[in-house]
Structure formats: structure tokens, C-alpha cells
Amino acid sequence: VDVDMYAISPTFIWVSDWKIAGAQYAAYIAPSFANASVGAALATETGRGINASTSSFGVGDLFVQPVWLGWSLTNWDLALGYGFYAPIGKYDTETVTLPVVGAFETESTDNIGLGFWTHQIQGAASWYPWVDKRMAVAGAVTYEIHGNKEGFDLTPGQDLTFNWGISQYLPLSADQKLLLEVGPAGYDSWQITDDSGHDARNPGVHDQVHAVGGQLGLTYAPWNAVLNVHYFYEFEARDRFQGQSFGVSLAMKF
């Protein structure tokens with residue numbers, strides 16, 4: 001099975017002058033649009049096979065973070081936030097009939113959304129060896145609690161994810177207006193509770209994935225503009241797809 005996903009996710013961030021417990025308050029919303037394509041081939045001992053492919057473009061699930069609190073110290077930045085994914089993305093189910101197994105309900109192959117709500121709590125920290133913050137060692141821990149999956153008696157297990165990275169800024173111009181950002185990065189994600197419900201499969205089997213990669217970026221200080229390219233290679237996965245991801249992000253402060 002070959003699975004490709006191309007996504008666009010513009011993020012709108014509002015940063016306030018409010019102070020809560022000494023922390024700056026912010027909130028953001030990130031709608032997403034994606035194209036998902038799936039190609040599959042099934043071969044049998046008789047040499048006969050089945051090939052199928054499908055592709056769709058549409059609105060993905062919506063992420064909203066109404067609460068973000070940030071503390072900025074001399075050599076540290078700390079953050080704590082709560083957000084949720086709303087299942088507004090394209091999602092449907094279909095009935096499939098297979099020999100011996102018979103008819104059963106499954107997710108449509110052209111789905112973009114996941115079909116369930118997710119609550120997310122996240123804490124993050126960045127350490128700067130130098131006060132000018134030209135280098136950062138950062139990490140973030142995310143805990144996700146999922147709701148019931150639409151069309152099934154299934155609640156996915158809760159997930160714990162750790163993202164990490166090292167960022168180094170290097171000046172590309174004498175006036176230091178143009179900066180290059182480089183550094184390694186990665187993520188590790190574990191399912192920590194069982195799936196529940198009548199449609200839960202493989203009770204006691206928890207999925208996980210581990211990836212390593214890096215990022216390369218350009219910052220133009222006069223425009224407050226940042227262009228980043230990142231790549232991740234998943235070197236281990238269990239009970240889920242394993243692959244690679246490539247992303248491009250552009251941000252500008254107005």
C-alpha cells in the first residue's frame with residue numbers, strides 16, 4: 001500500500017499583552033487542506049491480482065488552541081497550552097465485501113479527516129546556551145485524549161508524543177539581517193492506553209513511531225519573515241504506517 005498526503009495548514013496566531021501568572025497569553029487556529037492518495041495492489045498464488053487507487057482533495061480537521069501561556073527568562077523559554085482537533089475534515093465509511101470474511105464496515109479510502117475529537121495538552125521548553133539566543137535546545141511533550149470514532153464503537157487510545165530539536169542561527173550578511181537556521185530534529189510517539197469499544201482491534205497492542213531528521217530555514221529580520229524546510233525519516237513503527245515526511249512553512253509577523 002502506498003499512501004501520500006500533501007497538506008496546507010495556514011496558522012493564524014493572536015498574541016496579546018495580557019499577563020496570566022506572569023505569562024504572556026496567546027491563542028491560534030490552524031485550518032488544514034490536504035490531498036490524500038492511496039494506491040494498493042493485491043496478488044494471489046494464481047497470479048491474479050487487484051489494483052486500486054483513489055485520490056481526494058478537501059478540508060482537513062481543524063486545530064484550535066484557545067490557551068497558550070509563555071514564560072520568557074534569560075536562558076529559557078517555557079510554554080503550556082491546551083488545544084483541540086475538531087473533526088470537520090472529509091470523512092465517511094463504506095461497506096466492503098471480501099471472500100470468506102463477508103461484508104464489513106470500514107473507513108473510506110479517500111478520507112482526509114480522522115472522524116473523532118481530540119483534546120491536546122502540551123508543555124514545551126527551550127534552553128539557550130547564550131543570552132542572544134542564537135542557539136536553542138528545545139523539547140515539547142504532548143498528551144492527546146481522543147473521542148469516539150464516527151461510525152464505529154471505537155475510542156482510540158491516548159497518545160504521548162515527544163518532539164525535540166536543536167536550532168542554530170548563522171548570519172548570512174554582515175548586518176545580520178539575513179540568517180540561516182540549521183539543526184537536527186525528531187519525534188517519538190507512543191500509544192499509552194488501549195483502544196476501547198466493540199470495534200477495537202488487537203487489544204493490548206499499542207502503536208508507536210520514532211523519527212529523526214532536521215530542518216533548514218531562512219529568516220529575514222526586517223520583514224519578520226521565516227521560511228523553513230524540514231524532513232523526517234521514520235526509522236521504527238509498530239501497528240501503524242511507517243514512512244517519511246517533508247514540509248515547508250512560511251511565517252510572517254504583521
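Not measured: the values here are computed from a predicted model.
- Here the rule is side-chain hydrogen bond (donor to acceptor under 3.5 Å, both in side chains) with Ser189, and of Asp207, Thr161, Asn163, Asp159 only Thr161 fits it.
- Thr193 contributes atom OG1, which lies 11.0 Å from atom CG of Leu160 (distance to the nearest 0.5 angstrom).
- Side chain to side chain, His206 and Asp194 meet the donor-acceptor criterion of an N or O pair below 3.5 Å.
- Atom CH2 of Trp14 has more than 12 heavy atoms from other residues, nucleotides or ligands within 6.0 Å.
- Checking Thr118 against Glu144 by side-chain atom types alone, no donor-acceptor pair falls below 3.5 Å.
- Transitive grouping of hydrophobic side chains (ILVMFWY, heavy atoms separated by less than 4.5 Å) keeps Trp223 and Val15 in distinct clusters.
- Relative to the ring axis of Tyr128, Lys133 places its NZ or CZ within 45° and under 6.0 Å from the centre.
- Residue Val137 is grouped with residue Trp71 when hydrophobic side chains (ILVMFWY) are merged at heavy-atom distances under 4.5 angstrom, including chains of intermediate members.
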From CA spacing to verdict: side-chain contact (heavy atoms from CB on, under 4.5 Å), Lys149, Thr155:
CA-CA 6 Å; Lys149 193 171 185 67; Thr155 299; over 6 Å; no

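- Across all their heavy atoms, Ala125 and Leu78 have their closest contact at CB-CD2, 3.6 Å.
- Taking every heavy atom of both residues into account, Ser126 and Ala138 meet most closely at OG-CB, 3.5 Å.
- Using a 4.5 Å cut-off on side-chain heavy atoms (C-beta onward), Val141 and Gln122 make no contact.
- How far CG of Asp92 is from OG of Ser108: 4.5 Å, rounded to the nearest 0.5 Å.
- Under a hydrophobic-cluster definition in which Ile, Leu, Val, Met, Phe, Trp and Tyr are linked whenever side-chain heavy atoms come within less than 4.5 Å, directly or via other members, Trp117 and Ile29 are assigned to the same cluster.
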Under the side-chain contact (heavy atoms from CB on, under 4.5 Å) rule, what do Asp195 and Leu154 come out as? Steps first, then yes or no, please.
CA-CA 7 Å; Asp195 296 341; Leu154 169 64; 3.9 Å; yes

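- Using a 30° and 60° split on the angle between ring planes, His146 and Phe116 fall in the perpendicular class, above 60°.
- When all heavy atoms are compared, the tightest approach of Ala140 to Ala124 is CB-CB, 3.9 Å.
- Within the 4.5 Å cutoff, the side chain of Met135 has heavy atoms near those of the Ile166 side chain.
- Proximity of Thr219 to Asn228: side-chain heavy atoms (C-beta onward) are nowhere separated by under 4.5 Å.
- The closest side-chain heavy-atom distance from Leu218 to Leu172 is below 4.5 Å.
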Between Leu69 and Trp18, does a side-chain contact (heavy atoms from CB on, under 4.5 Å) hold up when you go through it step by step?
CA-CA 10 Å; Leu69 301 175; Trp18 302 349; over 6 Å; no

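- Shortest non-hydrogen contact noted between Trp164 and Val212 is CZ2-CG2, 4.1 Å.
- Aromatic ring orientation, His210 versus Trp190: perpendicular (interplanar angle above 60°, classes split at 30° and 60°).
- Aromatic pair Phe232/Tyr187: ring centres closer than 6.0 Å.
- Of the inter-residue distances, the one linking Gln208 atom CD with Ile192 atom CD1 reads 12.5 Å to the nearest 0.5 angstrom.
- For the pair Leu250 and Val226, the minimum side-chain heavy-atom distance is 4.5 Å or more.
- The main-chain N or O of Tyr25 is found under 3.5 Å from a side-chain atom of Ser16 such that the two form a donor-acceptor pair.
- Tyr233 and Gln244 share no side-chain donor-acceptor pair at under 3.5 Å.
- Ion pairing between Arg134 and Glu181 fails under the 4.0 Å rule for side-chain N and carboxylate O.
- Atom CG of residue Asn148 and atom CG of residue Asp153 lie 6.5 Å apart, to the nearest 0.5 angstrom.
- Taking the six-membered ring where the residue is Trp, the centroids of Phe63 and Tyr85 are separated by under 6.0 Å.
- Side-chain atoms of Thr93 and Glu107 include no donor-acceptor pair closer than 3.5 Å.
- Annotation: the span from Ile13 atom CD1 to Gln65 atom CD amounts to 9.5 Å, rounded to 0.5 Å.
- When hydrophobic clusters are built by joining Ile, Leu, Val, Met, Phe, Trp and Tyr residues whose side-chain heavy atoms come closer than 4.5 Å, directly or via intermediates, Leu80 is grouped together with Trp76.
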Apply side-chain contact (heavy atoms from CB on, under 4.5 Å) to the pair Gln242 and Val209, showing each step before the final yes or no.
CA-CA 8 Å; Gln242 179 178 339; Val209 64; 5.7 Å; no

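- Asp239 places a side-chain heavy atom less than 4.5 Å from the side chain of Arg201.
- Between Lys177 and Ser173, the closest heavy-atom pair is N-OG, 3.3 Å.
- Under a hydrophobic-cluster definition in which Ile, Leu, Val, Met, Phe, Trp and Tyr are linked whenever side-chain heavy atoms come within less than 4.5 Å, directly or via other members, Phe84 and Ile88 are assigned to the same cluster.
- When every heavy atom of Leu114 is checked against every heavy atom of Asp61, the shortest pair comes out as N-OD2, 3.1 Å.
- For the pair Tyr82/His119, a side-chain contact is recorded, criterion being any heavy-atom separation below 4.5 Å from C-beta on.
- Distance CD1/Ile112 to OH/Tyr91: 14.0 Å, rounded to 0.5 Å.
- Side-chain contact between Glu234 and Arg240: present, with at least one pair of heavy atoms (C-beta onward) separated by less than 4.5 Å.
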